[in-house]
Amino acid sequence: MLVERVRKTIADWAAAEGWDDLPVCELERPAQEAHGDYATPFCMQMAKAARQPPRALAERLRERLLADPDLAQLVEKIDIAGPGFINFTLSGQAFSRAMEQLLAEGERIGAGAAKDHPRINLEFVSVNPNGPLHVGHGRYAAYGDALCRLLRFSGHDVATEFYINDFGRQMDRFGRSVAARYSQSYGVELPVPEDGYQGDYVKDVAAVVRQEAGDRWVAALTIAAEAVQAVATAAAEGDAVPAEGTEGLVDAVPVEDQEDEAGDEQEAAGGAEWPADPAVREAIAFFRARGCELMLEAMRTELRDFGVEFDIWFSETTLHVGGRLQAVIDRLLASGEAFREGDAVWLRTTSRGDDKDRVLIRSNGQPTYFAADIAYHEDKLERGFGHLINIWGADHHGYVPRMKAAVEILAGRPGVLEVIIGQLVNLLEEGELRQMSTRRGEMVTLAELIEAIGVDAARFFLVMRSQDQTLDLDIALARQQSQENPVYYVQYAHARIASILRNVPADLVASVGSGAEVFASPYEKALIKRLESFSSVVQDAAARRAPHRVAAYAQELAADFHVFYKHCRVLGVEPELASSRLALCQVTKRVIARCLDLLGVSAPESM
RNA sequence: GCGCCUGUAGCUCAGCUGGAUAGAGCAACGGACUUCUAAUCCGUGGGCCGCAGGUUCGAAUCCUGCCAGGCGCGCCA
């Protein structure tokens with residue numbers, strides 16, 4: 001309200017003086033109370049264009065502002081301070097009018113108007129369905145979901161998507177791991193492959209399969225077990241056993257490297273040591289597919305319990321059937337964006353800023369993950385999304401330039417793909433860094449975190465920091481500190497207001513009075529100013545993809561409310577004051593509830 | 001070697017498209033419940049904003065260089 005009138009005055013003035021290229025005037029909340037309710041450094045910024053000293057400009061601007069009768073009513077005084085700041089101290093009436101507006105906005109207070117922007121596809125989590133979600137995935141889930149809510153609330157059309165990496169070697173290893181655990185439950189000695197998944201959850205999956213299928217697959221897997229044992233016996237008699245010293249060394253390198261190297265060696269050695277018997281192959285295919293389904297089901301349930309639901313689940317495997325992938329590559333070859341060199345097919349990503357061209361089809365004829373990703377993103381575009389947002393872990397940031405180049409080629413224009421890199425979660429135990437491995441079943445799962453501190457605290461905790469900040473998580477500390485978690489501070493403010501509302505007498509309704517006593521205290525004024533800034537916080541947080549700003553704002557708002565609550569009674573004071581304060585409570589409750597909702601946290605009526 | 005992220009109070013971090021004396025929570029210490037929920041409030045102490053230059057009326061914020069930590073740099077996914 002105030003800022004619009006100030007800008008109008010400035011525009012008129014600039015027109016009269018013939019100044020061009022003036023900056024936009026922004027009002028900000030001064031850190032110091034003595035500097036009024038709002039302030040602007042505008043006169044310092046315009047000094048150059050106007051070729052006059054800032055303080056003189058400030059004096060003249062002040063005159064012009066006060067000449068506007070509407071504006072004069074809103075301010076108690078306008079001061080000029082320091083090198084040329086203009087400080088506004090608002091009148092009582094300004095607060096009443098602001099509150100009237102806020103109250104009238106109702107439940108959708110702070111919401112952005114629907115924007116005429118392209119539909120957004122927001123993809124996140126997208127993990128291999130071969131292990132439980134760990135806290136890193138939880139962070140991306142909490143962040144992505146909060147961002148989705150924020151974008152929607154600020155006026156965008158968003159669909160969320162989970163890309164299921166259900167194709168490739170990792171899933172083969174998983175299928176064989178489940179098959180092994182299944183066999184073991186029948187007494188067949190088939191060990192989990194060395195490059196397989198050792199975690200106990202694999203046993204759970206196997207148990208479900210056993211319940212569904214009975215001993216249907218035991219015969220086939222017995223063939224595999226015998227073959228594996230034969231190989232093991234032969235190896236024991238030979239000299240293929242590695243020296244012990246190397247093992248200690250291998251342990252010192254990062255776990256992820258071990259996984260990858262193990263995988264490559266395995267492949268170099270001709271794939272799985274399991275026999276190529278058709279019955280065995282069929283069994284592996286079955287365990288792989290069914291295991292994947294069961295893991296996905298569990299994941300979906302876990303995410304839903306965490307408050308995260310995806311609009312679309314997209315399976316990578318669907319890209320590899322029906323010549324889908326080949327069709328994309330053929331088109332890229334035809335348009336000259338892709339080319340053959342050696343026995344491989346490459347995409348000329350260097351034409352769009354990447355530092356080298358990338359392989360689509362390997363010389364062995366197999367498509368790369370990148371090729372599938374291109375088909376996938378083309379599919380997104382064909383589904384009508386004009387803007388694609390992907391949330392990736394920091395360990396994938398090297399992949400960004402090629403993917404952006406690919407989408408630029410597909411879409412015919414730059415800027416369609418936006419990649420948000422989320423930094424990783426470091427797990428600490430008693431201050432010591434702890435390594436994680438999905439394969440070995442050593443990790444802190446999202447489920448563990450939730451069990452330790454609950455969904456609300458976990459979600460708040462995971463989004464309260466900027467996504468490009470590495471998060472240190474000590475689960476013992478988190479458990480111990482959950483009582484001090486700021487989420488309860490915010491929720492408590494909400495519950496307190498709910499309690500007031502329950503005690504409101506029948507004849508008292510929320511409405512903004514105009515008397516001089518209304519909103520006279522600094523506590524009420526501070527709260528109203530905070531509430532007024534909510535819509536800009538929403539817009540800002542959405543534009544910057546920064547839901548943590550909502551978390552920070554919620555804490556500030558709760559603090560303003562708790563102080564207000566301490567100093568100002570709502571019930572049992574004179575009627576005009578009571579109904580005005582009731583209005584203030586109601587708006588505060590709406591905004592707190594909205595903030596918590598944007599973060600995926602519940603807003604309790606009582607605690 | 002190259003690229004991305006980070007470096008702010010004892011700890012965890014906000015603030016980063018430049019504004020006045022740099023903030024919050026936790027931890028430490030001292031206070032406040034006969035009144036709408038004390039999971040609250042009030043107060044005290046605590047800082048070469050990694051370092052050095054530069055731009056500017058003004059720099060935690062922008063630019064350059066350096067130092068430190070994390071993550072990447074494959075015809076892996």
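So that the names make sense, note that chain A is the first sequence line, chain B the second, and so on, each numbered from 1.
- Between B/rA38 and B/rU34, the distance separating the two C1' atoms is 15 Å to the nearest Å.
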B/S/- contact track for nucleotides 39-51 of chain B, protein heavy atom under 4.0 Å: BSSS---------
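- Residue contacts for A/Ala81: at a heavy-atom cut-off of 4.0 Å it reaches a base atom on one of the strands shown.
- Applying the 5.5 angstrom centroid cut-off and the 30 degree plane-angle cut-off, the aromatic ring of A/His35 is stacked upon the base of B/rA20.
- A/Gln32 comes within 4.0 angstrom of a nucleotide base, judged by non-hydrogen atoms across all strands.
- A/Phe561 is listed as a side-chain neighbour of A/Cys585, based on a closest heavy-atom distance under 4.5 Å.
- Backbone-only engagement by A/Ala394 is indicated by non-hydrogen atom pairs under 4.0 Å involving sugar-phosphate atoms exclusively.
- The closest donor-acceptor contact from the side chain of A/Asp166 to the backbone of A/Ser315 lies at 3.5 Å or more, if one exists at all.
- The gap from the P atom of B/rG23 to that of B/rU44 amounts to 13 Å, rounded to the nearest Å.
- A distance of about 4 Å separates the C1' atoms of B/rU61 and B/rC16, rounded to the whole Å.
- The closest side-chain heavy-atom distance from A/Asn165 to A/Gln170 is not below 4.5 Å.
- A/Lys356 places its NZ atom 12 Å from the C1' atom of B/rG3, with the value rounded to the nearest Å.
- By the 30° and 60° cut-offs, the orientation of the rings of A/Trp346 relative to A/Phe339 is parallel.
- Place A/Ala39 and A/Ile500 on RNA chain B by their nearest nucleotides, and A/Ala39 ends up nearer the 5' end.
- Using a 4.0 Å cut-off between charged nitrogen and carboxylate oxygen, A/Asp37 and A/Lys529 count as a salt-bridge pair.
- Under 3.5 Å, the side chains of A/Tyr163 and A/Asn390 contain no donor-acceptor pair of N or O atoms.
- To the nearest angstrom, C1' of B/rU34 lies 12 Å from CZ of A/Arg569.
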Derivation of the side chain to side chain contact (heavy atoms under 4.5 Å, CB included) call for A/Tyr369 and A/Glu316: CA-CA 10 Å; A/Tyr369 181 85; A/Glu316 181 186 351; 4.1 Å; yes
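- A/His320 places no side-chain N or O within 3.5 Å of a backbone atom of A/Thr317 that could act as its donor or acceptor partner.
- Of the charged side-chain nitrogens involved, none lies within less than 4.0 Å of a carboxylate oxygen, so that A/Glu574 and A/Arg581 do not count as a salt-bridged pair.
- The backbone N or O of A/Ala593 sits nowhere less than 3.5 Å from a side-chain atom of A/His494 that would complete a donor-acceptor pair.
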Contact state string [nucleotides 6-13 of chain B, B base, S sugar-phosphate only, - no protein heavy atom under 4.0 Å]: S-----BS
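- Residues A/Glu28 and A/Glu341 both approach RNA chain B. Their nearest nucleotides, taken by heavy-atom distance, put A/Glu28 toward the 5′ side.
- Counting non-hydrogen atoms under 4.0 angstrom, A/Cys43 reaches nothing in the nucleic acid.
- When heavy atoms are screened at a 4.0 angstrom cut-off, A/Asp354 is found touching no nucleic acid atom at all.
- When the C1' atom is used for both B/rU40 and B/rG3, the distance is 49 Å, rounded to whole Å.
- Between A/Glu123 and A/Lys380 there is a salt bridge, since at least one side-chain N of the basic residue sits less than 4.0 Å from a carboxylate O of the acidic one.
- Using a 4.0 Å heavy-atom distance criterion, A/Arg549 is classed as a sugar-phosphate-only contact.
- When rounded to the nearest whole Å, the span between NE2 of A/His397 and P of B/rG3 equals 11 Å.
- Contact annotation for A/Asn87: base contact, defined as any heavy-atom pair under 4.0 Å involving a base atom.
- Listed by first residue number, the stems of RNA chain B with at least three Watson-Crick or G-U pairs below 3.5 Å are B:1-7 with B:67-73, B:10-13 with B:23-26, B:28-32 with B:40-44, B:50-54 with B:62-66.
- With hydrogens and angles disregarded, a donor-acceptor distance shorter than 3.5 Å links the side chain of A/His567 to the backbone of A/Val563.
- Between A/Arg362 and B/rG74 there is no side-chain N or O to OP1 or OP2 distance below 4.0 Å.
- Under the side-chain contact (heavy atoms from CB on, under 4.5 Å) criterion, A/Ala552 pairs with no residue, sequence neighbours left out.
- In this structure, A/Pro486 reaches neither bases nor backbone, as no heavy-atom distance under 4.0 Å exists between it and the strands shown.
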Side chain to side chain contact (heavy atoms under 4.5 Å, CB included) between A/Leu332 and A/Ile374, intermediate numbers included: CA-CA 10 Å; A/Leu332 290 169; A/Ile374 290 173; 4.2 Å; yes
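- Within residues 570-581 of chain A, the residues having any heavy atom under 4.0 Å from RNA chain B are, by residue number, A/Val570, A/Leu571.
- Taking the C1' atom of each, B/rU6 and B/rG15 are spaced 15 Å apart, rounded to whole Å.
- If you check every strand for non-hydrogen atoms under 4.0 Å, A/Ile361 touches nothing.
- For B/rA60 and B/rU21, the C1' atoms lie 15 Å apart once the distance is rounded to whole Å.
- Under the 4.0 Å criterion applied to side-chain N and carboxylate O atoms, A/Lys525 and A/Glu33 are not assigned as salt-bridge partners.
- In this structure, the side chain of A/Tyr553 engages the main chain of A/Arg530 through a donor-acceptor pair within 3.5 Å.
- Across all strands shown, A/Tyr399 has heavy atoms under 4.0 Å from base atoms, whether or not it also approaches the sugar-phosphate.
- Separating the CG atom of A/Asp195 from the C1' atom of B/rC76 is a distance of 14 Å, rounded to the nearest angstrom.
- Between the C1' atoms of B/rA52 and B/rC67, the separation comes to 11 Å (whole Å).
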Trace of the side chain to side chain contact (heavy atoms under 4.5 Å, CB included) decision for A/Ile421 with A/Gln423: CA-CA 6 Å; A/Ile421 294 300; A/Gln423 293 299 315; 3.9 Å; yes
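- The OH-C1' distance, from A/Tyr163 to B/rA77, rounds to 10 Å in whole Å.
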Letter per nucleotide, 5' to 3', of nucleotides 55-63 of chain B [B base touched, S only sugar-phosphate touched, - untouched; heavy atoms, 4.0 Å]: --B------
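- A donor-acceptor contact under 3.5 Å is not formed by the side chain of A/Thr368 with the base of B/rC75.
- For the residue pair A/Ser521 / A/Glu524, a side-chain donor-acceptor distance below 3.5 Å is found, with atom types taken as modelled.
- Side-chain to base pairing of A/Asp395 with B/rA77: no donor and acceptor N or O lie closer than 3.5 Å to each other.
- With respect to A/Glu194 and A/Arg173, no salt bridge is recorded, no charged nitrogen being found less than 4.0 Å from a carboxylate O.
- Atom OH in A/Tyr197 sits roughly 10 Å away from atom C1' in B/rA77 (whole-Å rounding).
- A/His396 comes within 4.0 angstrom of a nucleotide base, judged by non-hydrogen atoms across all strands.
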